[in-house]
Amino acid sequence: MAKEYIPEKQSGIGQIIDSIFILVLVYVSLYIPLLMKSDAAAEAVKDAPKPTWESLQLSPVVQEQWVKLGYDAEKAAALINSKFDYTIDPMMLLLTAGIIIVYFVFMLKISDKEYREVISEKFGDK
Amino acid sequence: MSNASTSAAGSERISMLKVLNPFHIWALGVGIVLVGEFMGWNFSVAKGGAYGSLIACWVIGLLYTCVAMIDSEVTSTVAAAGGQYTQAKHIIGPLMAFNVGLYLVMAYTMLEAADAFVVGDLMKSGAAALGYMDLETKPFVVFTIAFLAWLNYRGVFMTLTVNFVITLIAFLAILVLFIGVDPTHSGTILKHKELLTELPYGWIGVIASFQFGMWYYLGIEGTCQAAEEVRSAGRSIPLGTMGGMMTLLVAATLTWFICTGLMPWQYLGQAITPLYDAATLVGNTNLQILLFVATIFSAVASANGCINDASRAWFSLGRDRYMPSFFGAIHPKYRTPYRAIIFLIPIAVSFAFTGLLDQVITFSILSGLLGYTFMSINMVKFRKMWPLGSIKRGYVHPLHPFPAITLFALCVSVYFATFLGYGSTLLSIMGFYIVASIWFTVRRYKFVKRGDQFTMPWPRPEGY
């Protein structure tokens with residue numbers, strides 16, 4: 001039977017510090033994308049002439065639905081002309097894929113090592 | 001500080017009450033998710049057009065069917081609070097379990113924050129419709145979270161019974177709206193012929209729409225969190241989860257059909273409350289009121305279920321000392337993880353107050369996605385370490401390993417979809433989980449009692 005591991009007891013202050021640490025980490029992760037400001041957002045075409053229903057070339061039924069929703073031609077054009085850009089940066093894609101793969105490999109390797117300790121203590125050495 | 005699973009006094013080992021049935025499981029799963037039909041799913045329309053969103057609805061539906069199949073087998077066998085967290089602990093190891101616990105807490109707490117934010121926003125819209133402009137939304141956010149936390153504090157039976165009632169009303173509202181748009185006479189109210197267009201961004205847009213396609217179903221796997229509180233896990237979890245998945249597939253398809261027949265895709269792709277807008281376009285005041293109430297009910301049911309699930313995951317992390325053991329306490333009278341429930345209230349409120357709804361939602365979706373990736377790996381290991389017949393399983397899912405492989409492949413496609421729309425958020429969130437993993441390994445693992453991490457009455461796993 002493997003020697004039983006006796007964990008140290010954590011103090012109250014230690015528990016508070018650990019709780020705060022994980023919270024701070026969450027908030028930092030939430031705000032980092034704002035600092036980077038690089039996430040894709042739909043962008044409207046700039047410097048276009050003032051739109052009309054005719055210039056938008058919508059069918060009468062589609063135009064009627066826009067009007068029912070409370071939109072005039074100008075407001076509707078702002079949405080109709082907004083486009084996402086799905087251009088892929090290969091380096092960023094490789095970097096992102098690499099980070100996700102490294103994360104899972106690291107986690108599975110360390111987990112396996114820890115799991116063997118658990119099994120060894122629970123069932124004894126093989 | 002109390003030890004795990006003790007009363008507040010720390011003197012008596014107590015457990016949670018086993019009072020739930022399959023209807024409660026259905027209410028927990030569908031309750032969390034149904035809000036996704038009332039808002040959120042439609043952002044997939046902006047990403048890939050109306051047909052792109054429909055393809056996402058079905059493809060991601062397949063992803064979640066795999067999740068439900070795998071969950072039903074593993075949870076009916078590992079019936080303990082913490083759901084996937086407890087499964088990871090028994091099948092993969094402590095670090096994976098810690099990460100899965102965090103996925104659950106983050107996914108549900110962020111979703112809860114978004115739900116409360118939406119309730120506040122709806123109250124403002126309702127007040128504006130009645131002539132009261134610029135209503136302050138923050139008190140409604142705080143009240144929603146605090147009231148639901150109180151309900152959760154007082155007991156799981158009442159919490160999920162309330163969820164069953166309001167979720168059922170919200171689901172029936174979608175059915176009533178479907179009848180109200182006269183679906184058998186195309187062109188009368190619904191204008192699919194004129195409003196449906198080609199794919200605006202081609203197939204890359206369809207892939208991009210997978211990210212928000214997750215909103216059709218995100219959270220159904222939360223049914224596992226109640227595993228320790230159901231009367232019969234082997235019966236209730238598969239019945240409640242698969243029944244919930246069928247309900248959501250119907251609701252998602254009807255929602256898409258109604259909304260795309262009434263709204264231009266460019267409007268639909270950015271609408272805050274698309275089903276309510278649909279009812280408004282029909283021009284029937286009763287339908288409008290019904291959908292307003294149903295939208296609020298769906299958001300409240302979702303927040304309610306999220307509090308239930310996040311607190312159980314946080315409680316489980318505390319009980320095993322992966323997080324401070326203070327949180328691993330059960331209320332001596334109500335038998336609920338009360339400290340975890342109370343601790344998460346200000347956190348959810350603060351997330352709702354950040355104003356970073358995009359990041360909060362993406363954090364929730366990605367945490368869910370990381371959890372599904374874990375589930376595919378977990379399922380393969382589970383069958384390998386304990387082959388069929390070696391332990392008693394409450395349910396055996398068919399066609400193994402195809403659901404696990406399909407799930408893994410679909411998860412990869414959703415990572416790519418997230419990269420297309422929220423690449424820096426994706427990197428930032430991965431950074432969070434990497435730093436947290438290193439922190440656990442270096443700092444927290446020394447507080448974990450090794451032998452206590454395996455509590456199931458199973459034989460030694462093969463290969464270990």
Side-chain angles (χ1 to χ4, degrees), chain A residues 4-8 10 12 14-16 18-19 21-23 25-26 28-34 36 38-40 42 59 61-62 65-66 68-69 71 76 79-80 82 84 86 88 92-93 95-97 99-100 103-104 106-108 110-119 121-123 126, chain B residues 1 46-47 92-96 99 106 191 194-195 201 204-205 208 262-264 266-267 270 281 321 323-326 347 354 356 359-360 363 415 419-437 439 441 444-451 453-454 460-461 464:
Chain A
E4 189 183 347
Y5 172 77
I6 308 292
E8 57 183 270
Q10 193 179 23
Q15 296 197 36
I16 292 169
D18 281 2
S19 305
F21 172 81
I22 209 80
L23 283 182
L25 200 57
V26 176
V28 169
S29 324
L30 279 174
Y31 280 95
I32 281 178
L34 280 193
M36 292 163 79
S38 56
D39 281 339
S59 73
V61 171
V62 177
Q65 296 306 97
W66 278 109
K68 276 189 188 174
L69 287 162
Y71 277 68
L79 291 182
I80 290 169
S82 292
F84 283 106
Y86 291 134
I88 296 167
M92 277 305 287
L93 180 60
L95 176 72
T96 308
I99 286 174
I100 295 172
Y103 165 71
F104 271 105
F106 166 77
M107 193 164 49
L108 290 171
I110 300 288
S111 291
D112 191 67
K113 182 175 159 282
E114 293 169 348
Y115 188 70
R116 286 180 189 281
E117 290 172 5
V118 170
I119 295 301
E121 194 169 310
K122 178 79 182 176
F123 295 96
K126 211 171 182 183
Chain B
M1 295 289 164
K47 293 280 181 181
I92 297 189
L95 179 60
M96 182 86 241
N99 274 270
M106 293 305 152
K191 318 276 184 189
E194 292 83 5
L195 290 168
Y201 299 104
I204 190 83
L262 286 167
M263 288 168 255
Q266 297 95 333
Y267 173 83
Q270 54 79 60
L281 283 171
R321 303 186 190 185
M323 289 305 287
S325 59
F326 175 76
I347 296 169
T354 57
L356 308 174
Q359 273 85 354
V360 166
F363 210 130
Y415 285 118
F419 168 80
L420 288 173
Y422 289 86
S424 60
T425 304
L426 172 59
L427 280 178
S428 173
I429 294 168
M430 291 313 301
F432 165 77
Y433 284 112
I434 289 170
V435 173
S437 296
W439 175 74
T441 308
R444 288 286 330 164
Y445 189 51
K446 66 184 175 202
F447 300 115
V448 176
K449 198 164 188 311
R450 310 318 195 229
Q453 302 315 301
F454 197 102
R460 187 178 197 121
Y464 289 86

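Chain A is the first sequence line, chain B the second, and so forth, proteins listed ahead of strands; every chain is numbered from 1.
- Using cut-offs of 30° and 60° on the angle between ring planes, the pair A:Y86 and B:Y201 is perpendicular.
- The heavy-atom pair separating B:M96 from A:L108 by the smallest distance is SD-CD2, 4.3 Å.
- A donor-acceptor pair under 3.5 Å is absent between the side-chain atoms of A:Q10 and the main chain of B:P324, judged by distance alone.
- When each of B:N99, B:I204, B:I429 is checked for heavy-atom pairs under 4.5 Å with chain A, B:N99 comes out on top.
- Note that the CG atom of B:L420 and the CG atom of A:L93 stand 8.5 Å from one another [nearest 0.5 Å].
- Contacts of A:I80 with chain B are made by both backbone and side-chain atoms, with heavy-atom separations under 4.5 Å.
- Side-chain atoms of A:Y5 and B:K449, non-hydrogen and from C-beta on, never get closer than 4.5 Å to each other.
- The shortest distance between side-chain heavy atoms of A:E117 and B:Y445 falls below 4.5 Å.
- Residue contact with chain A, scored on non-hydrogen atoms closer than 4.5 Å, involves the side chain of B:Q270 exclusively.
- Between chain B and the options A:L25, A:V62, A:I110, A:L95, the largest number of non-hydrogen pairs under 4.5 Å is found for A:L25.
- Here the straight-line distance linking atom CD of B:Q453 with atom CD1 of A:I119 works out to 11.0 Å at 0.5 Å rounding.
- A 4.5 Å side-chain heavy-atom check between B:Y464 and A:F123 finds every atom pair outside the cut-off.
- Using a 4.5 Å cut-off between heavy atoms, A:V61 contacts chain B through its side chain alone, with no backbone atom that close.
- A:D18 has its side chain within reach of B:W439: a pair of non-hydrogen atoms, C-beta onward, lies under 4.5 Å apart.
- A:Y103 and B:M430 get closest at one heavy-atom pair: CD2-CE, 3.4 Å.
- Nearest heavy atoms, B:R321 versus A:P7: NH1-CG, 3.8 Å.
- Within the 4.5 Å cutoff, the side chain of A:M92 has heavy atoms near those of the B:L427 side chain.
- A:S19 pairs by the side-chain hydrogen bond (donor to acceptor under 3.5 Å, both in side chains) definition with nothing, not counting sequence neighbours.
- A 4.5 Å side-chain heavy-atom check between B:I434 and A:I99 finds at least one atom pair inside the cut-off.
- B:Q266 has its side chain within reach of A:W66: a pair of non-hydrogen atoms, C-beta onward, lies under 4.5 Å apart.
- A:T96 has its side chain out of reach of B:Y415: every pair of non-hydrogen atoms, C-beta onward, lies at least 4.5 Å apart.
- In the displayed structure, A:K113 atom NZ is contacted under 6.0 Å by at most 12 heavy atoms of other residues, nucleotides or ligands.
- Residues satisfying the side chain to side chain contact (heavy atoms under 4.5 Å, CB included) criterion with A:S29, sequence neighbours excluded, are B:F363, B:S428, B:F432.
- Atom NZ of residue A:K122 and atom CZ of residue B:R450 lie 15.5 Å apart, to the nearest 0.5 angstrom.
- A donor-acceptor contact shorter than 3.5 Å links the side chain of A:Q65 to the backbone of B:L262.
- Between the side chain of B:E194 and the backbone N or O of A:S59 there is no donor-acceptor pair closer than 3.5 Å.
- The closest donor-acceptor contact from the side chain of B:Y267 to the backbone of A:L69 lies at 3.5 Å or more, if one exists at all.
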